[in-house]
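This report refers to the structure that appears directly beneath it.
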Amino acid sequence: MATVERRAIIDATRHDVWSVLSDFGAISGWAPNVDHSCLLSEQAEGAGTTRRIQTDRSTIVETVQAWEADSTLSYSITGLPPVIRSVVNTWRLEADAEATRVTLTTEVDAGPRPPQQIVARLAAKRFASASDQMIAGLTRHIESRKRVAA
């Protein structure tokens, strides 16, 4: 398994950051690397909530595994090449004075054998780039909402 972690400090409360992350079907509104997104489940929050996202020519499905308001959002990603056994993204929010420390951790499992571990590390590098884009987009989106509200 390969794990990558990205962090940022966003000048907003945990609740404000959570309000964007927890609008699970609306990721395409702030993540520049997501062209389209929509909910696939009738349920809009909590474990089991499912969304479909389109990125370039790829379509993937993400299903929430953990949902702790203002704190943690974790989801599995399916629809990837079959050499990837599983991918899980976990967003963690922590108060940092009057801001929020955002951590996005991606775990990629391609199997236990050395060639599979190489595949996992290579995939993790691509996911790290996607994570950087998502965190930057989240930060821009929240900062623009704050400017409009002011």
Side-chain angles (χ1 to χ4, degrees), residues 1-80 84-110 117 119-150:
M1 181 172 319
T3 301
V4 293
E5 192 170 271
R6 294 295 191 253
R7 292 190 174 107
I9 302 290
I10 299 178
D11 185 23
T13 66
R14 284 189 326 163
H15 180 74
D16 289 342
V17 175
W18 178 257
S19 71
V20 175
L21 288 177
S22 66
D23 189 356
F24 199 61
I27 189 173
S28 60
W30 55 266
N33 53 338
V34 176
D35 299 322
H36 173 76
S37 61
C38 64
L39 288 177
L40 291 179
S41 59
E42 288 186 28
Q43 136 185 4
E45 60 183 49
T49 302
T50 305
R51 71 180 169 204
R52 176 175 110 15
I53 69 166
Q54 179 86 32
T55 301
D56 295 324
R57 294 178 184 225
S58 298
T59 300
I60 60 173
V61 174
E62 300 175 329
T63 304
V64 175
Q65 295 181 329
W67 180 289
E68 299 171 31
D70 296 339
S71 175
T72 304
L73 175 64
S74 183
Y75 51 89
S76 62
I77 301 172
T78 57
L80 299 166
I84 305 293
R85 289 183 176 184
S86 68
V87 176
V88 175
N89 269 356
T90 302
W91 294 84
R92 287 194 171 75
L93 309 179
E94 299 173 34
D96 187 321
E98 294 185 25
T100 301
R101 180 184 319 269
V102 176
T103 304
L104 175 53
T105 305
T106 304
E107 297 173 326
V108 180
D109 182 9
Q117 292 174 2
V119 167
R121 284 194 301 273
L122 292 171
K125 285 184 180 183
R126 293 201 62 193
F127 277 103
S129 176
S131 295
D132 289 337
Q133 292 178 52
M134 287 192 294
I135 287 175
L138 178 64
T139 302
R140 279 191 302 275
H141 181 75
I142 290 170
E143 288 174 354
S144 70
R145 285 175 51 169
K146 284 181 70 174
R147 282 192 300 272
V148 170

Original post:
Quick one: does Thr78's side chain have a donor or acceptor within less than 3.5 Å of a partner on Val61's backbone?
Top reply: yes
Original post:
Hey, does Leu80 have a side-chain heavy atom less than 4.5 Å from the side chain of Ile60?
Top reply: yes
**OP:** Give the minimum heavy-atom separation between Trp91 and Leu138, together with the two atoms involved.
**Re:** CZ3-CD2, 3.7 Å
Original post:
Please, which pairs that meet salt bridge (charged side-chain N to carboxylate O under 4.0 Å, His left out) have at least one residue in residues 86-96, sequence neighbours excluded?
Top reply: Asp96-Arg101
**OP:** Check the pair Thr49, Gln43 against side-chain hydrogen bond (donor to acceptor under 3.5 Å, both in side chains), reporting the backbone distance first and the verdict last.
**Re:** CA-CA 6 Å; Thr49 302; Gln43 136 185 4; 3.3 Å; yes
**OP:** Spell out, as yes or no, whether a donor-acceptor pair under 3.5 Å connects the side chain of Thr100 to the backbone of Ala12.
**Re:** yes
Original post:
When you measure from the side chain of Thr72 to the backbone N and O of Glu68, does any donor-acceptor pair fall under 3.5 Å?
Top reply: no
Original post:
Going through the distances and angles, do Gln117 and Arg121 end up as a side chain to side chain contact (heavy atoms under 4.5 Å, CB included)?
Top reply: CA-CA 6 Å; Gln117 292 174 2; Arg121 284 194 301 273; 3.9 Å; yes
Subject >> Inter-residue atom distance Glu62.CD - Arg51.CZ, 0.5 Å rounding >> reply: 4.5 Å
**OP:** Give a yes or no answer on whether the side chain of Ser144 reaches the backbone of His141 with a donor-acceptor pair at less than 3.5 Å.
**Re:** yes
Original post:
What residues, two or more places apart in sequence or in another chain, satisfy side chain to side chain donor-acceptor pair (under 3.5 Å) together with Thr55?
Top reply: none
**OP:** Quick one: closest heavy-atom pair of Asn89 and Met134, and the distance?
**Re:** ND2-CE, 3.9 Å
Original post:
Partners of Ser19 by side-chain contact (heavy atoms from CB on, under 4.5 Å), sequence neighbours excluded?
Top reply: Arg145
Original post:
How far does CZ of Arg52 sit from CG of Leu40, to the nearest 0.5 angstrom?
Top reply: 7.0 Å
**OP:** List the steps and the verdict of side chain to side chain contact (heavy atoms under 4.5 Å, CB included) for Thr106 and Val88.
**Re:** CA-CA 6 Å; Thr106 304; Val88 175; over 6 Å; no
**OP:** Starting from the C-alpha separation in whole Å, work towards a yes-or-no answer on side chain to side chain contact (heavy atoms under 4.5 Å, CB included) for Leu93 and Ser71.
**Re:** CA-CA 5 Å; Leu93 309 179; Ser71 175; 5.7 Å; no
Donor-acceptor contacts under 3.5 Å from residues 20-36 side chains, at least two apart:
from  : atom 1 : to     : atom 2 : distance (Å)
Ser22 : OG     : Trp18  : O      : 2.8
Ser28 : OG     : Ser37  : OG     : 2.9
Asn33 : ND2    : Ala130 : O      : 3.3
Asp35 : OD2    : Asp56  : N      : 2.7

Original post:
Are Gln65 and Thr63 close enough that some pair of their side-chain heavy atoms sits under 4.5 Å apart?
Top reply: no
**OP:** Return the set of residues passing salt bridge (charged side-chain N to carboxylate O under 4.0 Å, His left out) with Glu5 (not counting sequence neighbours), or none when no residue passes.
**Re:** Arg7
Subject >> Pairs where residues 127-141 contributes a residue and the test salt bridge (charged side-chain N to carboxylate O under 4.0 Å, His left out) is met, not counting sequence neighbours >> reply: Arg6-Asp132
Original post:
How long is the gap from CD1 on Ile77 to CD1 on Ile53, to the nearest 0.5 Å?
Top reply: 7.0 Å
Original post:
Do you know the tightest heavy-atom contact between Ala2 and Ala124?
Top reply: CB-CB, 3.9 Å
**OP:** Answer with yes or no whether the side chains of Ser41 and Thr50 bring together a donor and an acceptor at under 3.5 Å.
**Re:** no
Original post:
Hey, mind stepping through Ile142 and Val17 against side chain to side chain contact (heavy atoms under 4.5 Å, CB included) and telling me if it holds?
Top reply: CA-CA 7 Å; Ile142 290 170; Val17 175; 3.7 Å; yes
